[in-house]
Amino acid sequence: MRLLPLRTISSRFLTTGNKAQLLLAKKANCGLSANFESYKSVLQRCVVEKSITKTRAVHNHMKQTGFPHLSLGNKLIDAYLNCGSVDEARQVFDDMIHPHVVSWNSLMSAYIRLKRSQDAVSLYRKIFMVSILPDEFTFSSIFKAFSDLKLVNGGRATHGHLVVLGLEGSNMFMSSALVDMYAKFGMMQEALFTYEAISVKDVVLATALIVGYTQNGEDLKALGIFEEMVNCGIKANDFTFASVLIACGNLENLSFGRLIHGLTLRSGFHSRIAPATSLISMYSKCLLVEDSLKIFNEIVNPNTVAWTAMIGCLLHSHREEEALQFLLSMIRSSVKPNAFTLSTALRGCATLALFELVKQIHASAMKLGLETNRYICATLIDSYGKSGHVGIARMVFDSLAFPDLVSVNSLIYGYAQDGDGMEAIRLFYMIKGLGIEPNNATYVNVLSACSNSGMLEEGHQVFSFLVADHKPGPSTDLYACMVDLLGRAGRLHEAAELIARVQKPDKILWRTLLGACKIHGEVSMAKWAADKVLELDPGDDATYILLSNVYASLGQWKEVTSLKCLMRERKLKKDPAVSWIHVNQEIHTFMAGDMSHAKSELIYEELKELVEKTKDLGYVPDTRFVLQDMDEFEKERSLLYHSEKLAVTYGVLSNSGKMTLSLIPNPKQ
DNA sequence: GCTCGTATCG
């Protein structure tokens, strides 16, 4: 057997002068066993250098020279895996008659790293057929594959194998993986049992259990384990802090959150990205945006997750414009948004009804290949609907391979807002066919669609569906929807009877009835409903306004005045209503009677014209609800000042060309 | 070999 070419590969593929080369040169002519050692060290070199070309070259050289390359199969597998070529590693593995358990383990963990959990599980299942026994390394990686694939039974059976082999409780890594798997399955009983089977615990094991509790909504228990861990003298790491802070946020337990914040500062983990991100979200949930901002500003290089958390935090505190500014800053600093970022940002667009921005984010999502993500789709449907384009929302919905409940609910809401009650109802009956169970939000949306479209009969039908469906009976807010539907249709007594059927009517329910009384000028029932609301919440400013509207509509100005006095006494002030419109990428905000806009004069002039035109078309101003005691002419005028009318008029003006002369010329045009 | 932070609907 000629083995001379070894010298060739050593000079071609290894850096000159290294040890492996010398070794090869020395042993080049000493027979097969010497070559075994030589190949072994060359392969070792390949493992370290992670060079796929070298590995392939050595592999080919072995085959060409007729060297029994499979005698070094485990090393070859190792080399290929280290170069990232799991399929070539698998090829070698399949050619081998008795791969060592280490090779089985390496391949399985490589598959799991590459998110090819199915391949890992298939491989695991083969191991028993070749009478090789899995070891603690096998178990510490394979459980992750079962949890990725949500194979509950397979995971439990594998736990069984471990017990049969007498490995239960023998290895920390294994138990941590097992705790993690059970936690991901939501089987916290089993997770706790596994945790307790280990007598001397470590930080990873404890953290796995803490994470499990927070992810399963058992935040108090998570804090309990953290305390236990601290008491045992186990030092928390960044993973631990990240999760414990989430638990504090979910519980809105600020004092504990601050305490943990202090601990992260003391241990230096506050500068790690994950705990810092959790701090942002903890303060966000406790509504301390300034604290979140402070944490965020201290992060040196915020990544996508940190940016996303901060955007979500601003939205949580209803600071939508700022949130969207943050999205822009993020993109400007070249941090790539992901599905989390875009679905979060879309929530802000939905609230502000920013159609243009929704389209832009939609386009970004497509560029990033995220247009099938269910969160993105659901928020797109929601935000297209809320910005007045339910047709596009429907197109997104129809593009879904598997529509889910949230996207259905969002679309129904879109139709409700669009006044298309029929389409909302149609969707409601359609999802039954898709096997989707409606939830509370579905019913709320469908009923408000019926309400907005005056579809009393259809609403009744949906409600009876609901009564039959829900074992404990519809929730109070669903009764409120039905009260609204009946009330608007003028069936006030039926609405009142419905409230009587509710165990503990809340203020929303009574206020809904009050709103209906307002529409139909039912003063005595209005007074009754208002008293009920104020019994439950004397500070409910909307109720005073509603009731005084009812009095005003009947000309009972004495009552209106006394209600106003009462509000002043109780130091109540209703926030003025605001309307806004998005024109030329700018938001213009208006309040009733607002003169602060630069184009106010033009706007009022145009509005007067518009109203005259609509009167010609048959519009009769409904002046019943104007608060002040004034004559008809004045009432009409005060209706003109309504914020929504001002905003719409500004929009009309902007598109009419009437304003171009007075605008500062745009250099881009 | 094991553990982490960001997301959708009334």
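Chain letters run A, B, ... following the sequence lines, proteins first, then strands; residues in each count from 1. Predicted model, so just to flag it, every value in this text is computed and none were measured.
Contact annotation for A:D202: no contact, since no heavy-atom pair falls under 4.0 Å across all strands. Within the nucleic acid shown, A:D404 has no heavy atom closer than 4.0 Å to any nucleic acid atom. Among the protein residues, A:N373 comes within range of the nucleic acid bases, having at least one heavy atom under 4.0 Å from a base atom. A:I273 comes within 4.0 angstrom of a base, heavy atoms only. Note on A:Q215: only backbone sugar-phosphate atoms sit closer than 4.0 angstrom, heavy atoms only; bases stay farther off. Within 4.0 Å (heavy atoms only), A:R374 reaches at least one base atom of the nucleic acid. The residue A:K386 sits close only to the backbone: its heavy atoms come under 4.0 Å of sugar-phosphate atoms, none of a base. Using a 4.0 Å heavy-atom criterion, one finds that A:D238 contacts no nucleic acid atom at all. Within 4.0 Å (heavy atoms only), A:T379 reaches sugar-phosphate atoms of the nucleic acid but no base atom.
Across A:F93, A:Y111, A:F139, a single residue satisfies ring-ring contact (aromatic ring centres under 6.0 Å, His included) together with A:W104, and that is A:F93.
The closest side-chain donor-acceptor pair between A:T304 and A:N338, if any, does not fall under 3.5 angstrom. Side-chain contact check for A:T240 and A:T207: at least one donor-acceptor pair (N or O, by modelled atom type) lies under 3.5 Å.
Protein chain A touches strand DNA chain B; the 5'-most and 3'-most nucleotides with an atom under 4.0 angstrom of its non-hydrogen atoms are B:dG1 to B:dG10.
Remark: A:E136, A:F137, A:S140, A:K144 in residues 135-151 of chain A come within less than 4.0 Å of DNA chain B through at least one heavy atom.
With a 6.0 Å radius and a threshold of 12 heavy atoms from other residues, nucleotides or ligands, A:M430 has its CE atom above the threshold.
In this structure, A:Y429 and A:F465 have tilted ring planes: the angle between them lies in the 30° to 60° band. In this pair, A:F241 and A:F269 present their aromatic rings tilted. The plane angle is within the 30 to 60° band.
Atom NZ in A:K144 sits 13.5 Å away from atom CG in A:L178 (nearest 0.5 Å).
A:S333 places a side-chain N or O within donor-acceptor distance of the main-chain N or O of A:M330, the cut-off being under 3.5 Å. A donor-acceptor distance shorter than 3.5 angstrom exists from the side chain of A:T264 to the backbone of A:H261, with no hydrogens or angles considered.
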